[in-house]
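What follows is a set of notes on a single structure, which appears directly below.
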Amino acid sequence: MNVQTTLSIKVKEAILNHFSVELPTVEFQPTRKDFEGDITVMVFPMLRFVKGNPVQIGQQIGEFLQKEVDAVSGFNVIQGFLNVVISDAYYLNFFKDIENTPYYGFASEQQKDAIMVEYSSPNTNKPLHLGHIRNNLLGYSVAEILKASGKKVYKTQIINDRGIHICKSMLAWQRFGNGETPESTGLKGDKLVGNYYVAFDKAYKQQVAQKIAGGIDPKVAEKEAPILLEAQEMLQKWEAGDKEVVALWKTMNGWVYKGFDVTYNNLGVDFDTLYYESDTYLLGKDVVEEGLQKGVFYRKDDGSVWIDLTDEGLDEKIVLRSDGTAVYMTQDIGTAIQRIKDYPDIEGMVYTVGNEQDYHFKVLFLILKKLGFSWSKNLHHLSYGMVDLPSGKMKSREGTVVDADDLMNDMTRTAAEISEELGKLEGYTENEKQDLYKMIGLGALKYYILKVDPKKRILFNPEESVDFQGNTGPFIQYTYARIQSILRKAEEIGVKGLETRTAQSGKHLEDEVSGLSMDSGSDTILVADNSPDLHPKEKELIKQLQLFPETVQLAAENLSPALIANYTYDLVKEFNSFYQQVSILGEQDELKKLLRVQLAKKVGQVIKSAFGLLGIEVPERM
RNA sequence: GGUCGCAUAGCUCAGCUGGAUAGAGCAUCUGCCUUCUAAGCAGACGGUCGGAGGUUCGAAUCCUCCUGCGAUCACCA
């Protein structure tokens with residue numbers, strides 16, 4: 001039982017004893033730094049139930065707590081705030097408990113029910129850009145956070161591999177490509193295909209301009225440009241299964257996938273299962289038919305099928321065209337149901353999609369609910385704000401995008417410049433250095449994006465490079481590296497009570513976290529009768545460590561990696577302050593020295609765990 | 001026009017279910033490297049929390065209205 005729960009019970013008891021009143025709840029908050037104490041009991045809310053002077057009530061509760069609860073070593077009352085001082089022994093005990101917990105902060109038992117997290121889901125006609133990066137980082141991180149909170153998670157994406165957009169690239173390639181391939185040009189496949197998408201747009205605009213110059217109405221010109229008509233024709237051929245078109249489609253999508261794989265790999269994201277729109281775009285029609293029977297949908301005279309959501313404050317929405325073909329909504333209904341069929345343990349889904357589709361998902365979830373699917377109540381749209389440039393929106397066709405690969409390379413290069421200037425990497429091979437630069441550059445980028453509340457839009461200025469100082473990924477990575485440096489030295493000089501086992505630097509977080517865990521045998525020392533007094537900075541650190549598990553849960557509930565990022569920053573700030581103020585290895589008292597080394601080690605583990613949830617790696621040195 | 005979201009220091013952002021004097025980073029200025037990594041620490045400067053009402057013992061937080069910005073409202077995806 002944690003202190004807060006104990007205190008809550010005891011506060012109620014105190015009120016019952018003194019006033020014969022049963023309090024429904026007790027409110028707490030961390031004590032502000034400028035007052036003495038660790039946890040503050042709010043007296044004000046009790047005044048609704050207990051008549052009296054808040055200071056006196058606080059005083060009475062305080063006295064009761066001090067007498068009844070071992071962990072309470074003191075208190076003070078200021079206005080309606082009862083500041084409770086928690087004993088060093090309690091914090092030492094707590095730290096002893098978590099010290100050997102390898103997955104500290106992560107839910108120990110996995111729930112049986114699974115949740116599917118969809119993210120990325122790009123079109124296959126152009127390379128990934130900064131907007132996709134935000135999507136990928138959010139989706140990946142939320143999936144990891146959900147896992148840590150005890151959920152079983154499937155990561156997926158639905159790849160938009162068919163439609164007019166890819167036909168445009170295909171047509172332009174046929175027309176202007178001269179048989180170019182990624183191999184012949186040395187270009188990444190997605191880049192090559194993207195170039196033809198741009199080429200299409202250029203040719204299209206020329207044709208439109210020509211028509212307008214010839215006196216044709218602009219709106220008609222836009223619809224009747226020959227190259228557009230050809231693209232539409234190509235799409236029809238594709239749907240009809242035309243061999244030549246399908247073969248080209250497969251080839252060009254194949255190029256794109258190879259390119260995407262490189263980008264995903266560099267970005268460090270992955271998927272457990274993939275869905276392709278070419279497989280799912282016909283799904284959902286039968287469900288619409290069933291819905292018609294049930295009266296959820298209705299058919300208009302022209303044959304199109306609709307749902308009336310005006311009762312819910314929304315509009316009418318089409319779910320099937322008059323010619324019987326599926327719209328986006330039809331597919332999404334079908335795909336959702338298909339996923340449940342494929343993975344029967346799924347009890348909920350998270351869709352990582354930009355906030356421009358808020359309305360779409362509101363409608364989708366409502367339709368699924370009306371169709372009577374029990375899991376519809378566990379559908380979440382992880383809606384995030386757009387990433388805009390100072391010049392405005394990013395537009396692939398106009399070439400105003402920040403390319404994902406370019407951006408990652410730029411970040412790595414900047415990290416390399418800074419690292420080389422600082423010159424702390426003596427003894428590292430060139431490969432090790434490159435890996436480290438990438439780790440730092442990506443750490444900066446990922447943290448920069450993930451620390452912001454998902455629902456807020458991000459203004460990204462490519463001119464002002466992402467910071468490497470202050471509240472940044474590299475700052476946190478640096479602190480981790482510092483801690484590892486201390487731990488290496490601690491082993492060298494042989495700190496008493498510290499196991500000399502070295503941490504394995506495996507690739508997986510799980511391996512490393514458990515690899516880092518300390519052997520037992522040192523625990524009893526901490527709470528011996530003559531326990532050392534805690535330095536205020538040590539106490540603050542333990543308090544911050546204590547918050548990690550609840551932060552993970554909160555982040556999972558809110559689907560917000562930003563909460564993890566901000567927590568980690570606070571922890572690291574606290575550690576650096578501690579590091580600055582007290583000497584760890586220079587401490588004369590062996591017990592204190594051991595405690596500090598162990599604290600540093602635990603902070604390092606939590607940094608690594610937390611950053612793992614953000615998809616950010618941490619270095620041994622930097 | 002209807003609906004949804006956002007608005008906090010010069011800039012970028014925190015602020016948990018309402019609680020004490022609204023916090024960080026960047027930028028500007030001051031100190032601190034012969035002691036565990038200065039990508040650091042300590043400090044200064046900087047705010048009518050978009051505006052106006054309301055609820056409450058108490059509002060950046062909840063409600064209403066207004067302003068500004070963004071998104072969305074297609075037999076597009």
**Message:** Would you say the ring centers of A:Y197 and A:F200 fall short of 6.0 Å from each other?
**Reply:** no
**Prompt:** What nucleotide, of B:G5, B:A71, B:G25, holds the atom closest to the side chain of A:E356?
**Reply:** B:A71
**Prompt:** Does the separation of the ring centres of A:W249 and A:Y276 fall below 6.0 angstrom?
**Reply:** no
**Distance, rounded to the nearest Å, where A:D315 contributes CG and B:U3 contributes P** = 11 Å
**Message:** Counting the atoms with a prime plus P, OP1 and OP2 as sugar-phosphate, which does A:Q477 contact under 4.0 Å by heavy atoms, base, sugar-phosphate, or nothing?
**Reply:** nothing
**Fill in**
Rounded to whole Å, the CG-P distance (A:N53 to B:C57) equals 17 Å
**Request:** For nucleotides B:A27 and B:A39, find the distance between their P atoms and express it as a whole number of Å.
**Result:** 14 Å
**Complete:** From the list A:V256, A:V193, A:N160, side-chain contact (heavy atoms from CB on, under 4.5 Å) with A:T124 holds only for A:V256
**Prompt:** In terms of heavy-atom contacts, does NZ of A:K51 have more than 12 from other residues, nucleotides or ligands at under 6.0 Å?
**Reply:** yes
**Message:** For Watson-Crick and G-U wobble pairs within 3.5 Å on both distances, what is RNA chain B written in dot-bracket notation, | included for inter-strand pairing?
**Reply:** (((((((..((((.....[...)))).(((((.......))))).....(((((..]....))))))))))))....
**Item:** A:N576-A:R482 side chain donor-acceptor pair, cut-off 3.5 Å
**Value:** yes
**Request:** Quick one, give me the B/S/- string for nucleotides 35-45 of chain B, reading 5' to 3', where B means a protein heavy atom under 4.0 Å from the base and S means that only happens at the primed atoms, P, OP1 or OP2.
**Result:** -BBSBBSS---
**Request:** Answer with yes or no whether the side chains of A:S419 and A:K433 bring together a donor and an acceptor at under 3.5 Å.
**Result:** no
**Prompt:** Using atom C1' of each nucleotide, how far apart are B:A9 and B:U56 to the nearest Å?
**Reply:** 29 Å
**Message:** Give me the distance, rounded to whole Å, that separates B:U8 from B:U61 when you measure between the C1' atoms they each carry.
**Reply:** 12 Å
**Request:** Please measure how far the C1' atom in B:G58 lies from the corresponding atom in B:A74, and state the result in whole Å.
**Result:** 49 Å
**Prompt:** Could you give the CD1-to-P distance, from A:I449 to B:G25, as a whole number of Å?
**Reply:** 22 Å
**Message:** Tell me the interatomic distance from A:D358, atom CG, to B:A77, atom C1', rounded to whole angstroms.
**Reply:** 16 Å
**Asked** Any ion pair linking A:R321 and A:D323 (charged N to carboxylate O, less than 4.0 Å)?
**Response** no
**Item:** Assigned glycosidic conformation for B:C33 [threshold 90° from 0]
**Value:** syn
**Request:** Ignoring hydrogens and angles, state whether a donor on the side chain of A:Y298 or A:E316 is under 3.5 Å from an acceptor on the partner side chain.
**Result:** yes
**Short side-chain donor-acceptor distance under 3.5 Å, A:D38 and A:T31** = no
**Asked** What do you reckon, are the aromatic ring centroids of A:Y351 and A:F365 less than 6.0 Å apart?
**Response** yes
**Message:** Measure OH/A:Y281 against P/B:C76 and give the value in whole Å, please.
**Reply:** 15 Å
**Sugar-phosphate only, base, or nothing, as touched by A:E421 at under 4.0 Å among non-hydrogen atoms** = nothing
**Message:** Under a 3.5 Å distance rule, please check whether A:H381 uses its side chain to pair with a backbone N or O of A:V353 as donor and acceptor.
**Reply:** yes
**Nearest-nucleotide 5' precedence on RNA chain B, A:K362 against A:L459** = A:K362
**Prompt:** Taking the same atom, C1', in B:G68 and in B:A59, what whole-Å distance lies between them?
**Reply:** 23 Å
**Message:** From CG of A:N461 over to P of B:C13, roughly how many Å is that when rounded to an integer?
**Reply:** 12 Å
**Prompt:** Under 4.0 angstrom, heavy atoms only, what part of the nucleic acid is A:D570 near: base, sugar-phosphate, or nothing?
**Reply:** nothing
**Asked** Of the candidate nucleotides B:C69, B:U8, B:A77, which contains the atom at the shortest distance from the side chain of A:K456?
**Response** B:U8
**Request:** Round to the nearest Å and state the distance from A:Y359 atom OH to B:A74 atom C1'.
**Result:** 11 Å
**Message:** Let me confirm one number: the CG-CD1 distance from A:L594 to A:I584, rounded to the nearest 0.5 Å.
**Reply:** 12.0 Å
**Prompt:** Among A:K456, A:K451, A:K455, which residue meets the salt bridge (Lys or Arg N to Asp or Glu O under 4.0 Å) test with A:D453?
**Reply:** A:K455
**Message:** Taking any heavy-atom pair under 4.0 Å as a contact, classify A:N123: base, sugar-phosphate, or nothing.
**Reply:** nothing
**Prompt:** Once each nucleotide of nucleotides 18-23 of chain B is scored for protein heavy atoms under 4.0 Å, what B/S/- sequence comes out, 5' to 3'?
**Reply:** -BBS-S
**Item:** Gap in Å between the two P atoms, one belonging to B:C66 and one to B:U28, rounded
**Value:** 43 Å
**Request:** Rounded off to whole Å, could you give me the CG-to-P distance for the A:L235 and B:C76 pair?
**Result:** 12 Å
**Request:** With C1' as the reference atom in both, quote the distance from B:A44 to B:C26 in angstrom, rounded to an integer.
**Result:** 16 Å
**Message:** Work out how far the C1' atom of B:G18 is from that of B:A60, and round it to whole angstrom.
**Reply:** 10 Å
